[in-house]
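Here's the structure we're looking at; comments come further down.
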Amino acid sequence: MRILIIEDEPELARHVSRALTRHGHLVEVRHDGNAGLQAGLTGTPDLIVLDLNLPGLNGLAVLAQLRQANSPARVIILTARGEVEHRVRGLKAGADDYLAKPFSLEELIARIEAMGRRGTAPTGSDLLQIADLVVDLPHRRVTRAGRSITLSPREFDVLQVLLQEPGRIFSRTELCERVWQRQHTYDTRTVEIFIARLRKKLDHDFPHALIHTVRGEGYSIRAPA
Ligand code: CA
């Protein structure tokens, strides 16, 4: 994968860069928000490791501009320990995953590899449809009522899991495991944020909602009755 690291702590950036290069990735590093945004927009990275606390443009602003430009890059944000609010804001702004500092390189590499795997996971049918929602799996394209909808990679992954069995209820824990492949740190808040992001894009402008919350159980997708 082509990976862009935007991190202003030189030591940390160097460690991460070395480790990812060792794992066969093509790595670029930028040390401030403006240079990072430029590299993200022009370098077409597959994945961006983005520190939130950056000189120049901060990480949230970088993320917002990347998503506004419909950058297809997957984004993992790095947050300072205990800054739950930053993590929530980052996920709401379009990040696909997060890692709290300090983190181990093994953990970061595991997350990155989990992302790569999902993106290329083999699937059954190429085209899934439910009511007026059509999902083209190989091209990761989504339309509803003929209107094109741009999803971030992880939003697409969540939708893809729900669509595997329309009408079935997926618990937050199960979604977390299937999408983020986390075995131990069940992070239900992240799942809630992604469901909210999907609803905003897929359901808000249409008369019938497709994504449903089943209180105390989880979420499902189904055609209107
Ligand atoms: Ca920093």
Side-chain angles (χ1 to χ4, degrees), residues 1-116 118-119 152-155 157 176 179-182 184-185 187-194 196-197:
M1 268 193 282
R2 299 164 63 92
I3 300 179
L4 171 65
I5 299 166
I6 310 177
E7 165 63 67
D8 61 314
E9 292 167 48
E11 193 78 349
L12 178 59
R14 200 158 41 236
H15 277 311
V16 171
S17 166
R18 272 204 206 120
L20 294 178
T21 304
R22 258 201 317 276
H23 277 76
H25 300 289
L26 271 175
V27 183
E28 271 195 76
V29 178
R30 294 292 183 277
H31 296 289
D32 69 76
N34 289 303
L37 177 62
Q38 277 316 308
L41 291 175
T42 58
T44 61
D46 301 303
L47 185 139
I48 300 174
V49 178
L50 174 65
D51 186 30
L52 285 190
N53 188 10
L54 289 168
L57 209 56
N58 75 43
L60 282 175
V62 171
L63 180 58
Q65 292 199 39
L66 284 168
R67 288 302 181 229
Q68 203 167 16
N70 285 333
S71 163
R74 287 157 183 258
V75 177
I76 298 180
I77 51 173
L78 303 179
T79 61
R81 187 172 44 183
E83 289 185 345
V84 176
E85 195 45 44
H86 286 185
R87 182 236 298 175
V88 168
R89 278 164 62 193
L91 291 171
K92 284 184 174 168
D96 297 292
D97 203 349
Y98 69 91
L99 213 47
K101 289 180 178 179
F103 54 86
S104 72
L105 286 175
E106 288 75 18
E107 172 98 57
L108 176 65
I109 285 160
R111 294 281 171 85
I112 286 172
E113 286 178 352
M115 290 226 191
R118 270 220 74 84
S152 82
R154 273 295 192 245
E155 289 165 4
D157 294 338
C176 197
V179 175
W180 285 268
Q181 303 185 2
R182 272 180 218 171
H184 303 296
T185 49
D187 186 349
T188 55
R189 180 79 176 114
T190 299
V191 174
E192 285 163 17
I193 291 168
F194 271 78
R197 278 166 51 175

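Scope of the values below: all heavy atoms of this structure, side chains included, with no hydrogens, waters or symmetry mates. Atoms within each ligand, like the ligands themselves, are counted from 1 in listed order.
- The nearest N, O or S atom of Glu9 is not closer to the Ca ion (ligand 1) than 3.0 Å.
- Put simply, the side chain of Leu57 reaches to within 4.5 Å of the side chain of Gln65, judged on heavy atoms.
- Summary: OD1 is the N/O/S atom of Asp8 found nearest to the Ca ion (ligand 1).
- Ion pairing between Asp96 and Arg67 holds under the 4.0 Å rule for side-chain N and carboxylate O.
- With the Ca ion (ligand 1) at the apex, Asn53 O and Asp51 OD2 define an angle of roughly 80° (rounded to 10 degrees).
- Among residues at least two apart or in separate chains, side chain to side chain donor-acceptor pair (under 3.5 Å) pairs with a member in residues 32-58 are Asp51-Lys101.
- To the nearest 0.5 Å, the span separating CD on Glu85 from CZ on Arg89 amounts to 6.5 Å.
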